[in-house]
Each structure stands twice: as structure tokens, then as C-alpha cells.
Amino acid sequence: MLSRRSLLLVPAAATLAAGPAYAATAPLKIAFVYVSPIGDAGWTFQHELGRRALDAAMGAAVKTSFVENVEEGADAERVIRKLAADGNDLIFTTSFGYMNPTLKVAGSFPSKKFEHATGYKRAVNLATYSARFYEGRYAAGVLAARMSKTGVFGYVAAFPIPEVLQGINAFTLGARSVNPKAATKVVWTSSWFDPGKERAAADTLIAGGADVITHHTDSTSVAQAAEEKGVFSIAYNSDQSKYGPKTCLTAVTHNWNDYYIARVKAALGGTWKSIDTWGGVKEGMTRLAPYNAAVPDAVRKEVDGVMAAIGAGTRKPFAGPIADQDGKAKVAAGQAMADKDIAEMKWFVAGVQGKI
Amino acid sequence: MDEVMIAALLVATLRAAAPLVLAGLGELVCERAGVLNLGVEGMMLVGAVVGFAATITTGSVWLGLVAAMLAGAAMAGVFAVLTLGLAANQVASGLALTIFGVGFSALFGAPYQGHPIPGLASVVFPDLSRAAPLVQQVLLIDPLVWLALAAPFVVARFLDRSRPGLILRAVGESHEVAHALGYKVLRIRTLATLFGGAMAGLGGAYLSLAYTPMWTENMVSGRGWIALALVVFSTWKPVMLALGAFLFGFVTIAGFQAEAWGIPLAPNLLATLPYLATILVLVLISRDTLRLKLNAPAALGKPFHPAG
């Protein structure tokens, strides 16, 4: 099948070469499992950039491969099991829904190493990693508030899970830090990837007066809708400036290059451990794409400053006082939310118009 | 709520519904001729990718639309050879056509991912993004939306009031009788199937060239299946089908609008509303079972052997 075509790239004979006799010279075999086609922008594309960086940095010391478009669930377990059986030493599974399949396969292959992105189940040979996307979202909120005339923002979101809610809340808090009256309208598409539905959602938000729109979905249609109608957008996952040359202000992106290189070096050096990594601006895992020409210098400086302060730890997106939608105090002044509470976030901050 | 906002919501409704109307009308004509083609989703995907590729290669969105119609018709041609020529099972062949379309469009489209192109509305009116708000809304009603508004009436008139339409329906009701009267059943069914494919291709191209001007794998996201369902729920009537599609689009947009206003309804419920509302309304307006039986093409999905 086409979506499994990359499996064919893993030569069956390579399994033989991975025997102990060759351990000193054979390259470390690394496999990646992707939830969608790679494309040229989006969640999977960012992980693929990491894989390519790994190839470039490690050269002959590693041999990487990937399988794209692997559905979450039973199919995923079959693919991960095959990759482990094929002699891959380190396997990265890059979507939340691979959590249980990865855990199961890791149990059957104790000599192999596994890493699962955005999950929370670990084992001796299974590490987890994710990025604090919300840190970039906070800075994007500052940028949006500076560029907006109406102070009303549109947010096209997929599902009300903590990762998405963190982003919406951080964006709103960032915007309100410069415009206390700013409001974020949220619309759910109930799908990670449906260009048409994302487009319809963006159209509705723009019709409702939002003059900066952003999204937590996987296609580029929100940036395109904004470009067509002449309002600003802030993209997610990858730089989408070519889809909004005049209007896409920046993108909140995630970058796994350094993380993958560090983990592979640890595996090669024998220091690999099952840990949980939650990196952000400081680690370079969450970044902003280059600004649009429409962003004035003063605003660039301000947003860069916010990113720098978040990276230095002097500014925390979820620092009090924070009230929820009903005005109930959630975080007291002078305090910041603990990581555990951020990870389990299930409520909206004041300023968000929408329902979970 | 001012007039710009109302206009924007209505235009967004029209644009969300246009691909459903186009693809649905094609399938409707095909089914009225007695051919059940479940490959709409696959034909839409192939139309979307071929139209996009042709637009990039030739630089003309119009040639892209023509190419999309030809590609959709070519897919339908394969289906016609299998089901009409070789009398293969229509349900199985249609499903296979969709599966093939999903795979083929992904393979063929791989080099075309990530090429941004201006949408149809921007091609027709280059200054679209700078137009005054109300003017912009009117300009966003691009030629294909106008087609989706006019085509249901044209198709209805063709089926109900023209001689070729009557013959087409006769073939769909009873191929033996039509055959006995001297009509070329297989030729008529092939033409209807090709028309269905061309319209599905056009519907797919509306997505990749006008609505979300880009190509990504599986971008049709089930709209082919919705178009198929609309054909049945509209009791094979073109104008009802268009009404159903616009209602579906309207409830989708209205649901988003309700969320943006912060109306306290669960998002999951809102996401199901378009389906519920469309089915409910179409069932209610067509609940006369006698008429329903009269409208359903009696020979739908049945193979025809000229010799027998």
C-alpha cells in the first residue's frame, strides 16, 4: 500500500547486519513513525525535519527510516512491532495516539529503545517528550494584540484537550498583557485535518469581526482564508508565509532537531535513559517563524523581548493573577502554575469566548 | 449583527456547499440512469489533484477546471467499463474506485504539495483582499458558486421536461423496457456515468482551486460520501439536493457562529448538527412513502445484459 511505501525502504537484509558481531561498526538504526503524510508543512513535517537534521549531523553513525500516514490504534502497533523486529535500535513514535501501542511493543522488545511524543506513559526503555507550544502562543498573543484594530481574535481549534487549551489560554493571556480588553473567539472543528472545515471556521470568525486569526489544526487553509480576505493570521506547526505572503504574521513552530540529535548521541554513548522531556523556548523546541514584512520594528523588538524573557524564565505565561471565564480566581498574583496543573488544564481563562 | 456579517455568513454557506451540490448533481443524474457509483469521494480527489496539477503546469485555473472534469470522467470511464461493459458489481466497483482514488491522488499529488496558488475568486478579481467588505463578499461568490446555484434548475429541467431526460429516466426505471423500445441502455448509462464523474471532478477541483487553494492528501475529507447521502435523502430531486447541501453548509457555519458567540452548547453536539438537521429536514419534506418509491430509480444498481 502506498502509505506504507516507506517500509519498503528498510532493506530486509539489514536485519542480519545488526547482529552483535558488527555492533562496533554498524550504524545505529533509528525509525520514525508519522501519523500523517509528510507534506511540506505541519506536525509530521516538523518531525521529518528533525530526522533530516539527524542524518546531516550524525552521518554514517546512524541509519534512519520512517513510516508515514500510520493510523493511530491497532495498525500502529503492527507497524511499530515490525520496525522493532527489523532491527531498529531506537524508535520515535510521534503522535499521542501511539501511546499504548508503543508501550506494548516496548514491553516485548526490552533491548530496544523507544520514545513517544506528547504521551505520559513511560517504561524502562520508553521515554516521552513534548514541547511547551504554549510559550510561543503567549508571544504570538502579544503580537496579535499589537497588530489588531478590533482586539478580537479568532482561534480555529481541533479538540478541547489540555495541549490545545494551553495554547488558547496562553495566546489570550499574551494578548491581554498588552490589551486588557482583547477577546479570543474559539471555534472547534472536531478534526485535526479537514482543510474545508478549517476554512469554513476561519470564514465565520472573520465574519464575526476577528482581524487576527490563528489555529491549532494541521492544514494551511486558515492562513489562506486570511490572505484572501485581507486579515492577519498566525500559523501553527510550520512557517506558512508562502500561503499568506501579505498577511501571515508569523507561525508558532516546534523544532525537534536538537532533541533528536542529543537523544541519539546518548544512545550511541550508552547514556540513554527513560526520561520525560518537556522543552520550550529555552531549549529551542518552541520558536516563532520569521516575521511578515507588515510587522513594524518596534513590535518585532517587543515580541522578541517576550520570547527572550520566557526563555530566560523571567516571564511565565501562566503567572498570576489569572481568572477563568466565570471570573473565578485560578492563579493568585505572584504565583505561577505548576507544570502538573498546566499539563492537566481543562478550563478557559477570562477573555476567551467559547466553550469546552 | 450588521449586513456585512450576514452577507459573509451567507457567502460562506454557499461556498461550503458548492462542492456538495456539484458532485451530488453528477451522482444524481448517474443514479437516475440506474447506475450506483459509490466512487464519488475517489473521483473528487482525483479531480482535485489533476485540476491542481494542471493549473500549476499551465498557469491557467480554467484549464485546471477542464482537466479536473476530464480526470473525473476518466475515473468514471473505468467504472463504466467494469460495471456496464463487464457487468461487475456496482457497489464493489464503486468502493474500489474510491480506494483507488485515495491512493492514486496521493501518489500523483506528492510533487504538488506545498505549491500555494491564488484561489479562483482572487484570479477573477485580483484586488479581492483590498475590496470594501460588502463588495468583497459579493466577489467571493466565484463562477463555480454561480454554477452550483444555477445547475440544479438546469438538471431538474433536463430530467423532467426534456426528451433525453425522459429517456435517461426510463433507462433507470426499467432497462428491459427501454431496451425493447430501442434505446441504447448501455450507451446512455455510460454517458450518465461520465457526466457524474466530470461533476465529481469539478466538485473536487472547487476544493483544490477555489475554496482551499492547495493540494494535500485526502483533502476532500469525506465530502464525496456526504454528496452521495444527499442524493438519497433528496429522493433523487436536483433542487432538493441543492437545498439539502445549502442547509448542510448553513448549519455548519451557524454552528461555528454559535461557538464564536459563546452560546453554551457542547462542541460535539454542534459538530453533529449539520448531519442531523439535513437528514431531518430532507426526511420530513420527502416523507410521502409513495412518492419516495416513485422517485427511487427502480433499476438502480442492477446490471443489464442486452442479450437477455
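Predicted, not measured: the structure shown is a model, and the values here were computed from it. Naming: A, B, ... by sequence-line order, numbering from 1 per chain.
Aromatic ring centres of W43(A) and Y236(A): separated by at least 6.0 Å. Taking the six-membered ring where the residue is Trp, the centroids of Y134(A) and F171(A) are separated by 6.0 Å or more.
I38(A) does not touch chain B: none of its heavy atoms, backbone or side chain, sits under 4.5 Å away. Within the 4.5 angstrom heavy-atom criterion, atoms from both the backbone and the side chain of P213(B) approach chain A. At a 4.5 Å heavy-atom cutoff, the contact between E227(A) and chain B is made by backbone atoms alone. Interface remark: K246(A) contributes side-chain atoms only to the contact with chain B (heavy atom separation under 4.5 Å). Residue F193(A) touches chain B through both its backbone and its side chain, counting heavy-atom pairs closer than 4.5 Å. With a 4.5 angstrom heavy-atom cutoff, I253(B) touches chain A via backbone and side-chain atoms both. Contact of E228(A) with chain B is made through backbone and side chain together, with heavy-atom distances under 4.5 Å.
Contacts of residues 198-219 of chain A with chain B at a heavy-atom distance below 4.5 Å involve R199(A), A200(A), A201(A), D203(A), T204(A), L205(A), A207(A), G208(A), S219(A), listed in sequence order.
The candidate with the highest count of non-hydrogen atom pairs below 4.5 Å against chain B, out of G354(A), G196(A), G39(A), is G196(A). Heavy-atom pairs under 4.5 Å with chain A peak, among P19(B), A7(B), P116(B), G249(B), at P116(B). Here A260(B) is the residue among A271(B), S221(B), A12(B), A260(B) with the most heavy-atom pairs under 4.5 Å with chain A. The residue among P245(A), S221(A), G230(A), P195(A) with the most heavy atom pairs within less than 4.5 Å of chain B is P195(A). When each of V187(A), V352(A), T247(A), V186(A) is scored by its heavy-atom pairs under 4.5 Å with chain B, the top score falls to V187(A).
Summarising the local packing, CZ of F45(A) is surrounded by more than 12 heavy atoms from other residues, nucleotides or ligands at distances under 6.0 Å. Within a 6.0 Å radius of CH2 in W347(A), more than 12 heavy atoms belonging to other residues, nucleotides or ligands are found.
Y98(A) and E72(A) share no side-chain donor-acceptor pair at under 3.5 Å. One side chain, R51(A) or T64(A), offers a donor N or O that lies under 3.5 Å from an acceptor on the other.
Evaluation of the salt bridge (charged side-chain N to carboxylate O under 4.0 Å, His left out) test over residues 254-274 of chain B, restricted to residues two or more places apart or in two chains, returns none.
Taking the charged nitrogens against the carboxylate oxygens, D239(A) and R287(A) have no contact shorter than 4.0 Å, which rules out a salt bridge. Looking at R78(A) and D75(A), a side-chain N of the basic residue comes within less than 4.0 Å of a carboxylate O on the acidic one, giving a salt bridge.
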For a salt bridge (charged side-chain N to carboxylate O under 4.0 Å, His left out) check, start with the C-alpha distance between D324(A) and K346(A), then their side-chain angles and the critical distance, and finish with the verdict.
CA-CA 11 Å; D324(A) 70 6; K346(A) 281 197 191 92; over 6 Å; no
Identify every side-chain donor-acceptor pair in residues 131-144 of chain B under 3.5 Å, counting partners at least two apart or on other chains, and give the distances.
unit_1, atom_1, unit_2, atom_2, d
Q136(B), NE2, K229(A), O, 3.3
Q136(B), NE2, L128(B), O, 3.2
D142(B), OD1, L144(B), N, 3.1
D142(B), OD1, V145(B), N, 3.2
D142(B), OD2, Y206(B), OH, 3.2

Under 3.5 Å donor-acceptor pairs involving side-chain atoms of residues 92-110 of chain B, not counting sequence neighbours:
unit_1, atom_1, unit_2, atom_2, d
S93(B), OG, N89(B), O, 2.6
T98(B), OG1, L38(B), O, 3.0
S105(B), OG, G101(B), O, 2.8
S105(B), OG, V102(B), O, 3.1

